[in-house]
Asks: 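Take a look at this one; I'll ask things after.
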There are 2 protein chains.
Amino acid sequence: MTTALTILDEDGADALSLRMLAQRLGSSTATLYRHFENRADLVAQVVDRIIGEIEVDDEEPGATHWQPAVRAAAVSMFKVLSRHRNVAVLLTEQIPTGPNAAVYRERVLALLLAHGFPQSLAPRAYASLARYVLGFAMQLTADRAAKSRDEARTSAALHRIDATRFPATRALADFLPMPIEEEFAFGLDLLLAGLAQMRDQHAET
Amino acid sequence: MTTALTILDEDGADALSLRMLAQRLGSSTATLYRHFENRADLVAQVVDRIIGEIEVDDEEPGATHWQPAVRAAAVSMFKVLSRHRNVAVLLTEQIPTGPNAAVYRERVLALLLAHGFPQSLAPRAYASLARYVLGFAMQLTADRAAKSRDEARTSAALHRIDATRFPATRALADFLPMPIEEEFAFGLDLLLAGLAQMRDQHAET
DNA sequence: ACCTGAACACCGTTCAAGT
DNA sequence: ACCTGAACACCGTTCAAGT
């Protein structure tokens, strides 16, 4: 299992093959089928192990600041997925159903419910946030790969762009390829602002 | 090219292999290397063709309703990625740099700038929205795959969950696995609400 | 009972050899 | 000049044969 994690982190999602794992363990692929049902099962186990690294404050319900707590939960998930930068793609292949995933979901949902989100809102809030983080994390991988290929190429292409056909892009070329972490934080705050508004609207009625 | 698109739509992203394409065209893999630099190039061309299907209103700048226009641009992108449900994964493999991608970005940026978004805000707004849509679209594929395997399994698992350890999840089990399209619309409105707030704050100063 | 080499049906990519 | 069969180095998965 830790060998599998090492392969994923060091050599990427594609390298996490049964052959590679068997080789590193000094075993054979056929033997691995005794420990894992198939590649999907291997992936699921590695994924849940990583999800276990995500931190969520298990605070007393009733504290007044839900926004920092929820933000922290999202940021922690994003950080873990950034640390294991190759895991995001694997999360597309299979929606996590492991025990650690269940714990994470429970904690965040409890947080929302404890802070006055109605039952109709909390699951949607959770789903939006989780998918938001995952969506960004997936693109982090792609981003890193592109960057390692050619850091400035995209930026250069944007500056070379035809100003007549693409005036807006041209005007924003200096801002446009921005660190994905910044985009993540920006969008997360948009979501939280939107959620706060909805919660308060609900509280008024 | 249309053959490649057919393969992608009907048989999935994995099936879009050089061998498969060569076979369908009655040609050989080696010959395809005369038309495409490599698989990534083939993928890039198919991807940009699909991006060309996205609709963005090329309205006069100055109209008062930016929110519906931006929402429509995001929804159209989401719909196209849903129609070609296997393309999302390919967008992770390679960030789109084709001509159609450039046009889409230009239109949305122009829309934001025309409606009073400052230069510091517009690119971040665009980036957040684009990544939001893409992130969801990626999960749409995974979701569909999971569903075709077993529609009700996740829901059932959620209802079977230990109410002592997971009270919040349990309380929300009836709402929790919700149509991803609904989650998408919900989160999109959160983002737009957050953006409206930021734009107005900026206008005040 | 447990393990594994070898097989089967696939990949992307390259290249010598054919027309 | 253009095309391609065959090769090379990989996959996931299975199974007969070994210990």
Side-chain angles (χ1 to χ4, degrees), chain A residues 1-49 86-98 141-142 144-146 148-150, chain B residues 1-49 86-98 141-142 144-146 148-150:
Chain A
M1 265 304 299
T2 59
T3 311
L5 186 56
T6 307
I7 294 172
L8 175 63
D9 285 346
E10 291 178 2
D11 304 293
D14 283 347
L16 184 55
S17 67
L18 291 163
R19 264 191 172 71
M20 174 76 94
L21 183 57
Q23 187 203 307
R24 294 269 184 102
L25 292 172
S27 178
S28 81
T29 56
T31 306
L32 288 179
Y33 278 81
R34 212 156 294 270
H35 299 277
F36 308 106
E37 277 184 36
N38 45 34
R39 184 175 185 267
D41 185 34
L42 162 63
V43 165
Q45 290 194 35
V46 174
V47 162
D48 201 63
R49 195 198 173 293
N86 300 317
V87 80
V89 214
L90 296 179
L91 286 167
T92 337
E93 293 179 16
Q94 206 163 299
I95 285 176
T97 55
T141 320
R144 292 266 179 81
S148 75
R149 252 180 272 138
D150 185 350
Chain B
M1 265 302 299
T2 59
T3 312
L5 186 57
T6 307
I7 294 173
L8 175 63
D9 285 346
E10 291 179 0
D11 303 295
D14 283 347
L16 184 56
S17 68
L18 291 163
R19 265 191 171 72
M20 174 77 92
L21 183 56
Q23 187 203 307
R24 294 270 183 103
L25 292 172
S27 177
S28 82
T29 56
T31 307
L32 287 178
Y33 278 82
R34 211 156 296 269
H35 299 278
F36 308 104
E37 279 185 35
N38 45 35
R39 183 175 186 265
D41 184 34
L42 162 63
V43 165
Q45 291 194 34
V46 175
V47 162
D48 201 63
R49 194 196 175 293
N86 299 317
V87 81
V89 214
L90 296 179
L91 286 167
T92 337
E93 292 179 18
Q94 204 162 301
I95 285 175
T97 55
T141 319
R144 292 265 179 81
S148 75
R149 252 179 273 137
D150 186 349

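Per chain, numbering begins at 1; letters A, B, ... match sequence-line order.
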Asks: In this structure, which stretches of DNA chain C are paired as stems of three or more consecutive Watson-Crick or G-U pairs, both distances less than 3.5 Å?
Replies: C:4-8 with D:12-16, C:12-16 with D:4-8
Asks: Side chains of A:His35 and A:Leu42, heavy atoms from C-beta outward: is any pair under 4.5 Å?
Replies: no
Asks: Around atom CG of B:Asn38, are there more than 12 heavy atoms from other residues, nucleotides or ligands closer than 6.0 Å?
Replies: yes
Asks: Are B:Thr31 and B:Leu25 packed together at the side-chain level, in the sense that at least one heavy-atom pair is separated by less than 4.5 angstrom?
Replies: no
Asks: Okay, side chain of B:Arg49, backbone of B:Thr2: is any donor-acceptor separation there less than 3.5 Å?
Replies: no
Asks: What pairs with B:Asp9 under salt bridge (charged side-chain N to carboxylate O under 4.0 Å, His left out), at least two apart in sequence or on another chain?
Replies: none
Asks: What is the separation between atom NE2 on B:His35 and atom C1' on D:dC2, rounded to the nearest whole Å?
Replies: 10 Å
Asks: Could you encode protein contacts along nucleotides 12-17 of chain D as a string, one character per nucleotide from 5' to 3', using B for base contact, S for sugar-phosphate-only contact and - for no contact, with a heavy-atom cut-off of under 4.0 Å?
Replies: BBBB--
Asks: Measure from CD on A:Gln23 to C1' on C:dG5 and round the result to the nearest Å.
Replies: 15 Å
Asks: Measure the distance from CD1 on A:Ile7 to C1' on D:dC11 and round it to the nearest whole Å.
Replies: 14 Å
Asks: Looking at C:dT4, I'd like to know if its phosphate oxygens (OP1 or OP2) sit under 4.0 Å from a side-chain N or O belonging to A:Thr31.
Replies: yes
Asks: Under 4.0 Å from OP1 or OP2 of C:dC3: is there any side-chain N or O of A:Arg34 that close?
Replies: yes
Asks: Can you see which heavy atom on B:Ala4 is nearest to which on B:Val46, and at what distance?
Replies: CB-CG2, 3.8 Å
Asks: Quick check: are there more than 12 heavy atoms from other residues, nucleotides or ligands sitting under 6.0 Å from CG of B:Asp14?
Replies: no
Asks: Under the side chain to side chain contact (heavy atoms under 4.5 Å, CB included) criterion, do A:Val47 and A:Val43 qualify, and how do the steps go?
Replies: CA-CA 6 Å; A:Val47 162; A:Val43 165; 4.0 Å; yes
Asks: Send over the distance from A:Asp11 CG to D:dC10 P, rounded to a whole Å.
Replies: 13 Å
